[in-house]
Structure formats: structure tokens, C-alpha cells
Amino acid sequence: MIHRLSHLFLRTLRDDPADAEVPSHKLLVRAGYIRRAAPGGYTWLPLGWEIHRKVENIVREEMNAIGAQEVHFPALLPREPYEATNRWTEYGPTLFRLQDRRGVDYLLGPTHEEMFTLLVKDLYSSYKDLPVSLYQIQTKYRDEARPRAGLLRGREFTMKDSYSFDNDEAGLAASYQAHRDAYIRIFDRLKIPYVVVSAMSGAMGGSQSEEFLAECEVGEDTFVRCTSCDYAANTEAVQVRVTAVANVDVPPALVVDTPQTPTIDSLVALLNTTSHRSPTGAAFAAGDTLKNVIVMVKHPDGTSEPLAVGVPGDREVDMKRLEAQLSPSEVEPFDDAAFAKFPALVKGYIGPDALGTTRASGIRYLLDTRVVEGSSWVTGANAKDQHIINFVYGRDFACDGSIEAAEVRAGDACPHCASPMSIDRGIEIGHVFQLGRKYAEALDLKVLDHNGKQSVVTMGSYGIGVSRAVAVVAETCHDELGLCWPRAIAPADVHVVITGKAGDDISVAGEKLAQELHRAGVTVLLDDRIGVSPGVKFKDAELLGMPTIVVVGKGLLEGVVEVRDRATGERSNVAVGDAAQHIAHICKSGS
RNA sequence: CGGGGUGUGGCGCAGUUGGUAGCGUGCCUGGUUUGGGACCAGGAGGCCGGGGGUUCGAGUCCCCCCACCCCGACCA
């Protein structure tokens, strides 16, 4: 294949588009790969679509290699299946809903668990038919509140979603592992630097779940990673390592006057001016205080209820972590109007004695897992300007349960080996999880087992953001000059720049070389534009980012062409006669 | 949904106390150029985001919408 720049539907831009912030967005638009068409929707131009197709095909090859079979559903789906799993409600405003001319409800598929489940139910009915894995590469729709960063978070995007169907847990584990291994091969081939992290299963339900995160500053996910073992997890899913309490005799709880101390800092400062000390005899620190935060939990059915969460005073409540565990319910701030309805709550001095379903406020009270049985705290006394010290969890107060709510920080102990962990940002490019029987039960997907009895099928669900992967490659593989596509997905192997005029020796040699490369099975992007200065052609070649750039120009006088590696910048001169073979060799060897 | 910002030829921007719109780039024509976004000359291209108001007169002032970007909230 030879793409000719003289005819290619392409316009590169000299300046970054003003509405783009992240490098991938700026460069993909500047280099003429995509154009914005709608909020969160992009048009793929010829070279961009070529990349998209190549990513799709890598995904396809690896999915086929594990025996998964490709199907294709409509994006326009009926309401009923999503009603059966309650996702019509649970998905909330993110679901694109529409009606036909008769007023019947439809949706644009955000993901297709229900449809795949029903398809298997439609055709299969025996344990002998399983296992089976099916997938599709499909346009997905999500009414994002705020699409951002170009292709990274759109309202319409391409996703490969696959689903495994097994008779039992062992089968599911094997299907899960096969997908996980396939994903590793896919992202390796795409040359994306990634980390596999433990994840929450979120609104999808299910148990075992891991995310593939591309390490990237502009990522929206935060994950922790152990500095010595291989533990890595999304911060939402971190299981905090709980340390036992030192066995200290704690004096009886004592109410102390603490005027003008609505904040943790002011409280600690004031206490340390008194004769009171913590049970260990040390001065009080923020981490000795127990902060009780009230939030409003909004359920998918529209009802809401207050919830109190107790966390160590030196840490904030991480709303994302909290919400991940209350999913699909949502968490909202507890405003003054809500406070007014609970006279038992003294703002700034809320303490455990007022919290709990059987206490004065009647508000459910959960303690962060860092608050362990037997630990002693400074906390609110439910009266203005008063706190309680030496208040021991288990001895002096109780709660309705525990929850992971406090923020996770760099340096926190790894739950596996207790070494310090680091925190980084990443972009979710893949997600594998064991759904279990949630969807099969909701939609009644059963097969006859070898005893002739009905058995509910167990499922796995696996996704890769294809369009997002294109953006992630651009994000992780560019420099100040432009993009650098890995050979596996570059729109062409070689960008041949002809610096001469139409019909001169240089132009003729360039055309000849392009043809030879084409015959050798190398894909070529040929800059055969007439009257365009060499500088412009070089800039465009660097911006567009083919892995190899070949310059046919003044070197021809010495009988050579220049071969450049886009990523490393290495240049070498090659005799014209050997050029095609030499370049073909570079392309085939994958360098 | 809250906070901040921006809307002016394809793209990037300027536009003063209100006087009927300009620069760069890109595009077209002709010519000179050809190894790092060349030069000269001549062109085409604008409902100044939309609506209402004030005014003799609005890109500019006032009000209301809308869109986009960023932060937060949200997020297979």
C-alpha cells in the first residue's frame, strides 16, 4: 500500500488546537488523525482510521487465539433486558435513553452483558456446550457528564467487550486467566507501558477484578504500587493493612473543655497546652483524633439516607473509595439543611455517642478499618466546645460496621509485605472481571448439568477500550516534534520524503524506491507533493510519526538515501540500490 | 451539578473612551525558490456563539440563553 500525500485527505496544523489540553489530543488533531464532530465524539480521518483498524486487528488476533469467537450486536437496544438486571435504573443518567415513534424505550448500549447472556441462553442449553467465550468490537455510548481529553474519555467510543460462560468456578478461573494472558499480549504488542492492578468490580457486580492501567500523568485513575513486592491496586480497591494496637492501659474516658476547636488542628494544638497526654504519654497528634464525617447516601431508586463515617483525624475521607464500596449508591455532601434535621448532631463536635442506628441521631455509623478494636481516641463529645479523650473503641463506644473510607497515601504500608507503597496515575485501558452468576441469575441462563439438573452458568466480562488505546499510545509515545507510532499500528511502515521537483532525478528515484518497498511488502506513506519545501515535509513527517523516515534528496548525488528512525532520531545513509532491501529488513525485524 | 475560563475567516489570535473588523498561518493565481515550517505580488474567505435590550450607531455596554475547555463531583 502506498499512501500519497499529494492526494491523501489530510491537513496538518501548525498550531495546537485551542480546545485541547493533553498531548494525545493536541497531536492527533494537529497531525490530522481525528477531528471533533460532537461533544465527546470524534471523526476518524484516513490515517487515524488505519491506526484504529490495526489496533482492532491485534485485539482480534489475540482474542481468536484464545478461542473467543466474534459476534456483533446492535448498539440500539431494547429496555427490557436492562430492566431485568436493574441496570436501566442503576446506570443512572450515564445511560443514553431514547424512544421510538410509539414511545417505546430504547438505550444505546454502554456495555452488553445482558445481550450476550440472552444470546447464549437463546442457543445453548447443555453443560456440554460450555465453556464458550464471545466478543465484539463495538461502538459504545455513555452520556458522560464531562467528556474530556479528546479520545481519552468520549461519549461514543470503540470497545472490545467479551464474555465467558462456564459451568463452574474452575472453568471461570481458567477463562479469566486466558483473557488476562491475552490482554498482556495485546498491550505488549501495542507497546503500552501498563500495570495490572486489583480493582473494584463496581456497578458490574462480581468478585475477582483487575484493571490494566497505562502509566500516564494525565490518567484519571490513581493506583498504589508496592516498592518491594508485586502488589498493585486501584486506590478504590486497596485493602488497608491493619496494625494491632499496642497493649497500653488506657485511663477512663474523660470529657474535656475544648473551646474554639472546630478543626482537628485547633483541637490538637489546644490539648497539648493542657496537662492531658495520649495513653502512650506522648503529645497528641492529628492521628490520635477520630473525625466523624456525615454524608448523604443516594440510592439508585431515588431514596437517600445519612451515613456517618469515622476516620483518623490526619486523613480525609476519600469519597471515591467510600462510594466504590457503597456502589451503586452515590455519596453526596451533607449540607446545612440536612444538619438542621438532626438536632443530635453538633457540628464540629460530633462523637460516636450520638451515632449509630440505636443512638440519638439514628444515623448508621461505620468506622474506617484503620480504627481497630481497643484503640484510644480523642473525639467529639456531642456538645459545643467539648471533646472526649481516652475514648476506646470496643470499651467505650461501638459502631454498625467497618468500611474502607480513609484516603490512601504514598508511603502507606503494603497489605502484603508492609513495605511502603507509591502512588501513581494511570488510564484504564482494560478491565477483566469474574462476574459470577449475577447476570445469569437475573436473566435465567441455565444449562442442564451431567446429572440432568438445571445449573446456573457463571460468567466473566472483559473489556478493552480500542479508541482509548489509540489515544494512550499517542499519549505515551510522542516527543516535542510529534507522534511516534509503534510499527505494529503505524498507518505505514515508512514515510518517504521526496525533496525534489516533479520529474527530476530525485523525484524519479523516490517513486522507484516507493514501488520497490511496496513490492517488498512494506507499507509506504509517500510525500510526493510538488512545490512544498523540504522543511515543511520534514516537519510533517515528524508530526505524523511513521516509525521509519526515508529522505530521497540531495544525498542522491553520492548515490545514497537517508534512513531515519523516528523514535531514536538515528540516521544513516544507504546506497540507493540497497535501500529497498535494507529498509524492508528494518521493517520486518520490527525495530 | 458547583467553581473558573474562553467563544471574532479552516487553525492560532488582536480589536483602545461604542463609529460598521484586522494580524499571522492555511487556501487560490502568477513568478522566484527547494535539506529544516522560503520570498514577492495579487486574490477568495467573517450572522464577531445565539436571542433580546440600551443607543443615531454595538465585536465592544446591559440581560438571558447556548457551546467549548479546565478543576471538582460523576465515570464499563
Side-chain angles (χ1 to χ4, degrees), chain A residues 11-22 25-26 29-30 32 35-36 38-40 87 90-95 109-114 138 140-150 152-155 157-163 199-206 209 211 218 220-221 234 236 295 298 319-320 322-324 327-333 335 427-433 435 461-465 468 481-482 497-502 504 506-507 529-543 549 551-557 561-562 564 571:
Chain A
R11 177 111 309 144
T12 57
L13 303 178
R14 207 171 266 243
D15 302 305
D16 287 331
D19 60 356
E21 190 72 17
V22 302
H25 188 192
K26 288 179 182 172
V29 172
R30 262 194 72 200
R35 296 292 296 174
R36 198 187 86 91
R87 287 213 293 182
E90 283 185 6
Y91 229 99
T94 305
L95 194 62
T111 173
H112 281 68
E113 278 78 4
E114 286 83 353
Q138 238 269 5
K140 303 292 188 189
Y141 297 87
R142 292 172 50 190
D143 190 356
E144 292 288 348
R146 185 162 79 85
R148 60 175 292 274
L152 284 176
R153 176 166 296 280
R155 304 166 95 193
F157 57 97
T158 313
M159 170 170 157
K160 187 286 300 178
D161 50 328
S162 47
Y163 305 87
M200 297 292 292
S201 36
M204 308 297 304
S209 166
E211 286 171 346
V218 303
E220 298 177 279
D221 286 274
N234 194 305
E236 291 170 15
V295 296
K298 200 173 155 196
M319 290 300 178
K320 278 190 173 185
L322 181 60
E323 198 159 50
S327 173
S329 299
E330 295 173 4
V331 176
E332 292 179 349
D335 55 26
I427 300 169
E428 183 183 351
I429 46 175
H431 199 159
V432 291
F433 44 99
L435 283 179
S461 165
Y462 319 91
I464 287 179
R468 180 181 279 183
L481 297 171
V497 172
I498 296 175
T499 62
K501 298 177 205 162
D504 70 5
I506 293 173
S507 164
R529 290 176 294 179
I530 305 302
V532 175
S533 73
V536 169
K537 292 187 173 185
F538 293 145
K539 290 289 183 193
D540 276 345
E542 282 144 0
L543 178 60
I549 297 169
V551 183
V552 182
K554 66 181 186 185
L556 213 56
L557 290 173
V561 298
E562 186 180 316
R564 305 179 183 177
R571 303 178 179 197

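No hydrogens, no waters, no symmetry mates; every other heavy atom, side chains included, goes into these values. Residue numbers start from 1 in every chain, and the chains themselves are labelled A, B, ... in the order their sequence lines are given, proteins ahead of strands.
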[atom1] atom, [N] versus [M]: distance in rounded Å?
N      : M      : atom1 : value
U54(B) : C62(B) : P     : 15 Å
G59(B) : C13(B) : C1'   : 14 Å
A73(B) : G2(B)  : P     : 16 Å
C70(B) : G57(B) : P     : 41 Å
U20(B) : U60(B) : C1'   : 12 Å
G26(B) : A38(B) : C1'   : 15 Å
C23(B) : G42(B) : P     : 13 Å
U8(B)  : G4(B)  : C1'   : 22 Å

[X] has an atom [atom1]; how far is it from atom [atom2] of [N], in whole Å?
X       : N      : atom1 : atom2 : value
I429(A) : A76(B) : CD1   : P     : 17 Å
K26(A)  : C11(B) : NZ    : C1'   : 15 Å
I530(A) : U33(B) : CD1   : P     : 17 Å
D15(A)  : C13(B) : CG    : P     : 8 Å
L152(A) : A76(B) : CG    : P     : 17 Å
L13(A)  : U25(B) : CG    : P     : 15 Å
I549(A) : G36(B) : CD1   : P     : 15 Å
K539(A) : G35(B) : NZ    : C1'   : 12 Å

Measure from the side chain of [X], starting at C-beta and using heavy atoms only, and say which of [options] lies closest.
X       : options                : answer
E428(A) : G37(B), G24(B), A76(B) : A76(B)
T499(A) : C11(B), G37(B), G35(B) : G35(B)
R11(A)  : G35(B), G37(B), C27(B) : C27(B)

Worksheet item: Between NZ of K539(A) and CG of L543(A), what distance do you get to the nearest 0.5 Å?
Response: 10.0 Å
Fill in: Interatomic distance, T499(A) atom OG1 to I506(A) atom CD1 [nearest 0.5 angstrom]
4.5 Å
Pairwise N/O distances under 3.5 Å, protein to nucleotides 38-45 of chain B:
{"from": "A38(B)", "atom 1": "OP2", "to": "S533(A)", "atom 2": "OG", "distance (Å)": "3.0"}

Worksheet item: For R36(A), what residues pass the side chain to side chain donor-acceptor pair (under 3.5 Å) criterion, not counting sequence neighbours?
Response: none
Item to complete: Check side chain to side chain donor-acceptor pair (under 3.5 Å) between D143(A) and all other residues, then give those that pass, not counting sequence neighbours.
Response: R155(A)
Worksheet item: Reading RNA chain B 5' to 3', how would its secondary structure be written in dot-bracket notation, given Watson-Crick and G-U pairs with both distances under 3.5 Å, brackets [ ] for crossing pairs and | for partners on other strands?
Response: (((((((..((((.....[..)))).((((((.....)))))).....(((((..]....))))))))))))....
So which heavy atom on [X] is nearest to which on [Y], and how close?
X       : Y       : value
R148(A) : V22(A)  : NH2-CG1, 4.4 Å
E113(A) : S461(A) : OE2-OG, 3.0 Å
N234(A) : A199(A) : CB-CA, 4.5 Å
P17(A)  : R30(A)  : CD-CG, 4.0 Å
K140(A) : D161(A) : NZ-OD2, 2.9 Å
K501(A) : S507(A) : O-CB, 3.0 Å

At 4.0 Å (heavy atoms only), tell me whether [X] reaches a base, stays on the sugar-phosphate, or touches nothing.
X       : value
V551(A) : base
G465(A) : base
K501(A) : base
E220(A) : nothing
F157(A) : base

Quick one: the side chain of [X] and the base of [N], do they pair up donor-acceptor inside 3.5 Å?
X       : N      : value
R30(A)  : G26(B) : no
E542(A) : G36(B) : yes
D540(A) : G37(B) : yes

Worksheet entry | Check: F538(A) and V551(A) side chains under 4.5 Å, non-hydrogen atoms | yes
Worksheet entry | All ring pair (Phe, Tyr, Trp, His ring centres under 6.0 Å) counterparts of Y141(A), not counting sequence neighbours | none
What does the list of N/O pairs under 3.5 Å between the protein and nucleotides 66-71 of chain B look like, with a distance for each?
{"from": "C71(B)", "atom 1": "OP2", "to": "R146(A)", "atom 2": "NH1", "distance (Å)": "3.4"}
{"from": "C71(B)", "atom 1": "OP2", "to": "R146(A)", "atom 2": "NH2", "distance (Å)": "3.3"}

Worksheet item: Counting only N and O atoms by type, is there a donor-acceptor contact under 3.5 Å from the side chain of R468(A) to the main-chain atoms of E428(A)?
Response: yes
Discussion item. Quick check: on RNA chain B, is the nucleotide nearest G500(A) upstream (toward 5') of the one nearest R468(A), or the reverse? Name the residue that is more 5'.
Written reply: G500(A)
Response to the item:
Only one of R529(A), R11(A), R14(A) passes salt bridge (charged side-chain N to carboxylate O under 4.0 Å, His left out) with D540(A), and that residue is R529(A)
